[in-house]
Amino acid sequence: MNVNVQWDGDERFKAVTDSGFEVMIDRDLKQGPRPMELLLAGLGGCTSVDVMMILRKARQDVTDCVAQIEAERADAVPSVFTKIHVKFVVTGRNLKPAAVERAVKLSAEQYCSASLMLEKGGVEISHSFEIVEVE
C-alpha cells in the first residue's frame with residue numbers, strides 16, 4: 001500500500017492513494033482536514049466497516065451506524081493521542097444488544113488494524129455502543 005503526499009506550495013498537501021483517491025490536508029482547515037483528524041477518520045472507517053460486516057453476517061437489520069470518536073492528546077510535543085473513545089450508535093430493527101456488543105468487541109480485539117496498531121503504540125482505546133430502534 002502506498003500514498004503520495006505532495007506539498008502545494010502553501011500550507012496544504014494533496015494525498016493521492018494507490019486506489020486513485022485524492023484528499024487535501026490543511027493545517028489551517030481552509031481546504032481539508034488536519035492530519036490527526038484524518039488519522040481518527042481512518043480509525044473510524046476501519047472499525048465501522050468491521051462492525052457493519054459482522055452485524056450483517058449475524059443477520060441484524062441495521063439501517064445506520066455512526067462511530068463517534070473522541071480523542072485526547074499529550075500536552076507536550078509530539079502531541080500524540082493518549083486516549084481514544086469510540087462510541088457506536090447503531091440504528092436498526094430488533095437489534096440484539098449481544099450481537100452489537102460482539103461486533104464491537106471483535107473489531108476492537110481482532111479485526112481493526114488501525115485500532116490494534118494505535119493500541120500497540122500506547123494509545124488507550126475504549127469502546128461503547130448505543131442502539132437506536134426504528135420501525
Side-chain angles (χ1 to χ4, degrees):
M1 179 180 299
N2 297 299
V3 174
N4 290 320
V5 180
Q6 182 175 2
W7 179 48
D8 79 345
D10 197 5
E11 297 286 330
R12 293 174 300 277
F13 292 81
K14 178 173 67 173
V16 181
T17 67
D18 267 352
S19 52
F21 291 96
E22 295 181 1
V23 178
M24 291 302 295
I25 303 167
D26 188 347
R27 186 182 74 149
D28 294 329
L29 299 175
K30 293 176 186 167
Q31 299 211 349
R34 293 181 183 117
M36 294 300 275
E37 290 174 320
L38 281 174
L39 190 72
L40 290 179
L43 165 64
C46 183
T47 191
S48 294
V49 166
D50 293 340
V51 168
M52 283 300 296
M53 288 179 65
I54 295 165
L55 288 172
R56 285 188 172 161
K57 284 184 182 179
R59 300 183 192 269
Q60 295 297 292
D61 189 4
V62 179
T63 59
D64 195 20
C65 180
V66 177
Q68 301 171 340
I69 302 171
E70 295 181 8
E72 294 179 20
R73 294 175 71 181
D75 292 330
V77 174
S79 56
V80 298
F81 290 121
T82 55
K83 292 182 182 180
I84 297 173
H85 181 74
V86 182
K87 178 183 177 183
F88 289 94
V89 180
V90 183
T91 303
R93 294 174 194 85
N94 301 313
L95 298 175
K96 296 178 182 171
V100 176
E101 181 177 21
R102 178 179 178 270
V104 170
K105 185 175 180 167
L106 282 171
S107 176
E109 295 178 0
Q110 292 182 17
Y111 296 119
C112 180
S113 301
S115 180
L116 294 166
M117 179 181 64
L118 288 166
E119 281 186 322
K120 285 185 179 185
V123 181
E124 179 185 320
I125 301 180
S126 59
H127 299 81
S128 64
F129 68 91
E130 173 186 343
I131 296 174
V132 177
E133 196 63 34
V134 294
E135 292 184 22

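Heavy-atom basis, side chains included; hydrogens, waters and symmetry copies ignored. Start at 1 with the first residue, then count along the sequence.
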Practice task
Indicate, with yes or no, if V23 and F21 share a hydrophobic cluster defined by side-chain heavy-atom contacts under 4.5 Å among Ile, Leu, Val, Met, Phe, Trp and Tyr.
Solution key: no
Practice task
Answer yes or no: is there a donor N or O on one side and an acceptor on the other, between the side chain of S48 and the main chain of G44, under 3.5 Å?
Solution key: yes
Practice task
Check L55 against A99 and note the closest heavy-atom contact, atom names and distance.
Solution key: CD2-O, 3.6 Å
Problem - Heavy atoms of other groups near Q110 CD, more than 12 under 6.0 Å - result: yes
Exercise for the section: Determine the interplanar angle of the H127 and F88 rings, folded into 0 to 90°, and report it as parallel if under 30°, tilted if 30 to 60°, perpendicular if over 60°. Expected result: parallel
Practice task
Ignoring hydrogens and angles, tell me if any N or O in the side chain of D18 forms a donor-acceptor pair with the backbone of N2 under 3.5 Å.
Solution key: yes
Problem - Shortest non-hydrogen contact between F81 and V123, atoms and distance - result: O-CG2, 3.3 Å
Practice task
First locate atom NZ of K96, then atom CZ of R102, and finally report the distance between them rounded to the nearest 0.5 Å.
Solution key: 11.5 Å
Handout entry: Intermediate values then yes/no, side-chain contact (heavy atoms from CB on, under 4.5 Å), V62 and M52
Key = CA-CA 8 Å; V62 179; M52 283 300 296; 3.6 Å; yes
Exercise for the section: Verify, without hydrogens or angle tests, whether R27 (side chain) and E11 (backbone) share a donor-acceptor contact under 3.5 angstrom. Expected result: no
Exercise for the section: Side-chain contact test, heavy atoms from C-beta onward, threshold under 4.5 Å: evaluate it for E37 versus L40 and give yes or no. Expected result: no
Handout entry: Distance, nearest 0.5 Å, that separates CG of L95 from OG1 of T63
Key = 7.5 Å
Completion exercise
Rounding to 0.5 Å, atoms OG1 (T91) and CG (D61) come to a distance of 11.0 Å
Handout entry: More than 12 heavy atoms of other groups within 6.0 Å of R93 CZ
Key = yes
Handout entry: Connected via hydrophobic side-chain network under 4.5 Å: I84 and L116
Key = no
Handout entry: Separation between SG of C112 and CG of L106, rounded to the nearest 0.5 Å
Key = 12.0 Å
Exercise for the section: Under the side-chain contact (heavy atoms from CB on, under 4.5 Å) rule, what do Y111 and I54 come out as? Steps first, then yes or no, please. Expected result: CA-CA 10 Å; Y111 296 119; I54 295 165; 4.0 Å; yes
Problem - Minimum heavy-atom distance between P78 and A74, given as atom pair plus value - result: O-CB, 4.2 Å
Fill in the blank from the handout: Value for CD (E109) from CD (E119), rounded to nearest 0.5 Å, stands at 8.5 Å
Exercise for the section: Would you indicate whether the side-chain heavy atoms of Q68 and V89 approach each other to under 4.5 Å? Expected result: yes
Practice task
Might you work through the side-chain contact (heavy atoms from CB on, under 4.5 Å) test for H85 and K83, ending with a clear yes or no?
Solution key: CA-CA 7 Å; H85 181 74; K83 292 182 182 180; over 6 Å; no
Practice task
State yes or no: do I125 and L39 share one hydrophobic cluster built from I, L, V, M, F, W and Y residues joined by side-chain heavy-atom distances below 4.5 Å, directly or via other members?
Solution key: yes
Exercise for the section: Would you please test E133 and N94 for side-chain contact (heavy atoms from CB on, under 4.5 Å) and show each step? Expected result: CA-CA 7 Å; E133 196 63 34; N94 301 313; 3.9 Å; yes
Handout entry: Test salt bridge (charged side-chain N to carboxylate O under 4.0 Å, His left out) applied to D8 and R12, step by step
Key = CA-CA 6 Å; D8 79 345; R12 293 174 300 277; 3.0 Å; yes
Exercise for the section: Look at atom CE of M36 and say whether more than 12 heavy atoms of other residues, nucleotides or ligands are closer to it than 6.0 Å. Expected result: yes
Handout entry: Spacing of Q6 atom CD and F13 atom CZ [to the nearest 0.5 Å]
Key = 10.0 Å
Handout entry: Over 12 foreign heavy atoms within 6.0 Å of CG, D28
Key = yes
